[in-house]
Q: 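Dropping a structure here in structure tokens format, bear with me for questions.
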Amino acid sequence: MPVVRALSKVARQALQAPGCGCQPLAVAVTSGSDASFHSVSFSETDHPKVLITGGLGQLGVGLAKLLSDLGKNNVILSDIRKPPSNVFHSGPFIYSDILDYKNLREIVVNNRITWLVHYSALLSAVGEANVALARAVNITGLHNILDIAAEHGLRLFVPSTIGAFGPTSPRNPTPDLCVQRPRTIYGVSKVHAELMGEYYHHRYGLDFRCLRYPGIISADSQPGGGTTDYAVQIFHDAAKSGKFECNLKPDTRLPMMYIDDCLRATLEVMEAPAETLSMRTYNINAMSFTPEELAQEVRKQLPDLQVNYEIDHVRQAIADSWPMNFDDSNARNDWGWKHDYDLPELVQTMLNFIGAESRVAQVH
């Protein structure tokens, strides 16, 4: 029987954010003696049934589109928010609270889920503003996911982040294996996820897979409170007004990736045969740039772009503790990871998507 643990009062009051809920959580406790878990390999199920938690975020919606070839009913998005009409009519959607163990378990059993992609999380800057909420969603919610995935033999993907490293980590480049001492609740929760997932893999045979994402850039949604979100906001502001206020110093170098590369990497590592994986948590990288380098590239299309630097000291301190560049050689060697978008392609693609064509035409 699950052991029910009540959240603290402050956490219960706070649980109104996307991807989480306000129910008491339940954690399954399984003794080692009766643990007998196995993973359903991709070769055994040509059409996996996929559940995506926190599915209304840009990554969840994007991955669902990428997985559409599996069949319309084989990919289920879940969240605690009401989905927009276009998402609701594009495929199955289920209300799911990651802090409600029973609800999650019913969804997995009733829909015969074989892959679980766990995107529910609070990002870095938002998490620092509400540590209790971040702890509940990013750590307690993960425990529910791990127990259910192990119990039902799922292939589980949990993303990690550049935020899983800290100021004592080597920064340029940052290897897969090194000191990790993050100083944000977001980073701490992601290190916890990496280690718990790897422990469940070694202890119970859980088919756990994890990628450390760099900053992800997408035109499909507005920035969501992350430290790297300046690299999304600049395109919206450049297209709209030609003026951008950056909250990081102009020489702050961070690893970045266009969302199409990120989603493709996620699918590729999920499809990779287990025997090709020398580890369960990988860095992935595409490019690394500073705000000033990004602005200069945007000015090639919009020369009149004005950038003003108003430093947010909380975000700057976070960025200064993160990697400047990722060493992702293991991902490239083990399962053939290769990015498609460098900085020039990123800028052109973002401006095209956001609708800057008219401003570009006027300039030229």
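FYI, side chains are in, hydrogens and waters are out, and symmetry mates aren't considered; it's all heavy atoms of this structure. Position 1 is the first residue of the sequence, and the numbers go up from there.
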Q: What pair of heavy atoms forms the shortest contact from Gly197 to Leu146, and how long is it?
A: CA-CD2, 4.0 Å
Q: Would you tabulate the side-chain donor-acceptor contacts of residues 60-69 under 3.5 Å, counting partners in other chains and residues two or more places apart, or write 'none'?
A:
{"from": "Ser68", "atom 1": "OG", "to": "Lys65", "atom 2": "O", "distance (Å)": "2.8"}

Q: Do the side chains of Val191 and Ile162 join up, straight or via other hydrophobic residues, at under 4.5 Å, putting them in one cluster?
A: no
Q: Side chains of Thr281 and Asp176: does their closest heavy-atom pair fall under 4.5 Å?
A: no
Q: Do you reckon Ile311 sits in the same ILVMFWY cluster as Val314, going by side-chain contacts under 4.5 Å, direct or chained?
A: yes
Q: May I ask you to decide if the ring planes of Tyr199 and Tyr204 are parallel, tilted or perpendicular, using 30° and 60° as cut-offs?
A: perpendicular
Q: Under 4.5 Å between any side-chain heavy atoms of Leu294 and Phe235, yes or no?
A: yes
Q: Are Glu297 and Leu346 side-chain neighbours, meaning at least one heavy-atom pair lies under 4.5 Å?
A: no
Q: What orientation do Tyr213 and Tyr119 show, parallel under 30°, tilted 30 to 60°, or perpendicular over 60°?
A: tilted
Q: Determine whether Tyr186 and Asn138 satisfy the following criterion, side chain to side chain contact (heavy atoms under 4.5 Å, CB included), listing intermediate values before the conclusion.
A: CA-CA 7 Å; Tyr186 177 60; Asn138 295 7; 3.8 Å; yes
Q: Please give me the minimum heavy-atom distance between Leu99 and Ala136, naming the atom from each residue.
A: CD2-O, 3.4 Å
Q: Quick check on the hydrophobic clustering: are Ile139 and Leu206 connected, directly or via other members, by side-chain heavy-atom contacts under 4.5 Å?
A: no
Q: The criterion is side-chain contact (heavy atoms from CB on, under 4.5 Å); which residues satisfy it with Lys338, sequence neighbours excluded?
A: Arg332
Q: Which heavy atom of Val298 sits nearest to which heavy atom of Ala238, and what is that distance?
A: CG1-CB, 4.1 Å
Q: Classify the angle between the aromatic ring planes of Tyr230 and Phe289 as parallel (below 30°), tilted (30 to 60°) or perpendicular (above 60°).
A: perpendicular
Q: Taking side chain as C-beta onward, heavy atoms only, is Cys246 less than 4.5 Å from Leu248?
A: yes
Q: Spell out, as yes or no, whether a donor-acceptor pair under 3.5 Å connects the side chain of Asn285 to the backbone of Asp328.
A: no
Q: Could you walk me through whether His192 and His143 pass the side chain to side chain contact (heavy atoms under 4.5 Å, CB included) check?
A: CA-CA 10 Å; His192 180 80; His143 292 176; 2.7 Å; yes
Q: Could you check if a side-chain atom of Tyr282 sits within less than 4.5 angstrom of a side-chain atom of Trp337, using non-hydrogen atoms only?
A: no
Q: With distance as the sole test, does Ser321 use its side chain to make a donor-acceptor pair with the main-chain N or O of Ile318 at under 3.5 Å?
A: yes
Q: First locate atom CG of Asp334, then atom OG of Ser329, and finally report the distance between them rounded to the nearest 0.5 Å.
A: 9.0 Å
Q: Judged by atom type as modelled, is there a donor-acceptor pair below 3.5 Å linking the side chain of Asp261 to the main-chain atoms of His339?
A: no
Q: Could you tell me the separation between the OG atom of Ser189 and the CG atom of Leu122, rounded to the nearest 0.5 Å?
A: 9.0 Å
Q: For the side chain of Ser169 and the backbone of Val179, is there at least one donor-acceptor N/O pair under 3.5 Å apart?
A: yes
Q: Using the side chain to side chain contact (heavy atoms under 4.5 Å, CB included) definition, which of the options Thr174, Leu254, Ile284 pairs with Phe326?
A: Thr174
Q: Would you kindly confirm whether Leu351 and Val307 end up in one hydrophobic cluster when ILVMFWY residues are joined by side chain heavy atoms under 4.5 Å apart?
A: yes
Q: Could you go through the side chain to side chain contact (heavy atoms under 4.5 Å, CB included) check for Met350 and Tyr258 one step at a time?
A: CA-CA 9 Å; Met350 287 291 289; Tyr258 184 56; 3.9 Å; yes
Q: Where is the tightest heavy-atom contact between Ala295 and Leu305, given as atom of each residue plus distance?
A: O-CD2, 4.2 Å
Q: Can you tell whether the side chains of Arg209 and Asp207 come within less than 4.0 Å, N to carboxylate O?
A: yes
Q: What pairs meet the salt bridge (Lys or Arg N to Asp or Glu O under 4.0 Å) rule with one or both residues in residues 177-200, with sequence neighbours excluded?
A: Glu194-Arg212
Q: Quick one, Ile98 and His118 - any side-chain contact, counting heavy atoms below 4.5 Å?
A: yes
Q: To the nearest 0.5 Å, what is the distance between CD on Gln58 and SG on Cys262?
A: 8.5 Å
Q: Going hydrophobic residue to hydrophobic residue with side-chain gaps under 4.5 angstrom, can you get from Val109 over to Leu116?
A: no
Q: Whether Arg299 and Glu292 form a salt bridge (side-chain N of Lys/Arg under 4.0 Å from carboxylate O of Asp/Glu) is what I want to check.
A: yes
Q: How many angstroms lie between atom CG of Asp97 and atom OG1 of Thr53, to the nearest 0.5 angstrom?
A: 11.0 Å
Q: To the nearest 0.5 angstrom, please state how far the NE2 atom of His313 sits from the NZ atom of Lys249.
A: 8.0 Å
Q: If I compare all heavy atoms of Asn283 with all of Asp327, which pair ends up nearest, and what's the gap?
A: ND2-O, 3.1 Å
Q: Please evaluate residues Arg253 and Asn325 with respect to the criterion side chain to side chain contact (heavy atoms under 4.5 Å, CB included), reporting the C-alpha separation (whole Å), side-chain torsions for both, the decisive distance (0.1 Å), and the verdict.
A: CA-CA 8 Å; Arg253 183 172 301 278; Asn325 202 0; 5.8 Å; no
Q: With no hydrogens and no angle check, just 3.5 Å: does a side-chain donor-acceptor pair link Asp229 and Gln233?
A: no
Q: Taking C-beta and beyond as the side chain, do Glu271 and Arg155 meet within less than 4.5 Å on heavy atoms?
A: no
Q: CG of Asp312 to OG1 of Thr227: how many Å apart, nearest 0.5 Å?
A: 8.5 Å
Q: Between the side chain of Gln306 and the main-chain N/O of Gly242, is any donor-acceptor distance below 3.5 Å?
A: no
Q: Heavy atoms, side chains only, cut-off 4.5 Å: are Pro92 and Val75 in contact?
A: no
Q: Are any side-chain N or O atoms of Glu345 and backbone N or O atoms of Asp340, one a donor and one an acceptor, separated by less than 3.5 Å?
A: no
Q: Which pair of non-hydrogen atoms, one from Ala134 and one from Gly127, has the smallest distance, and what is that distance?
A: CB-CA, 3.8 Å
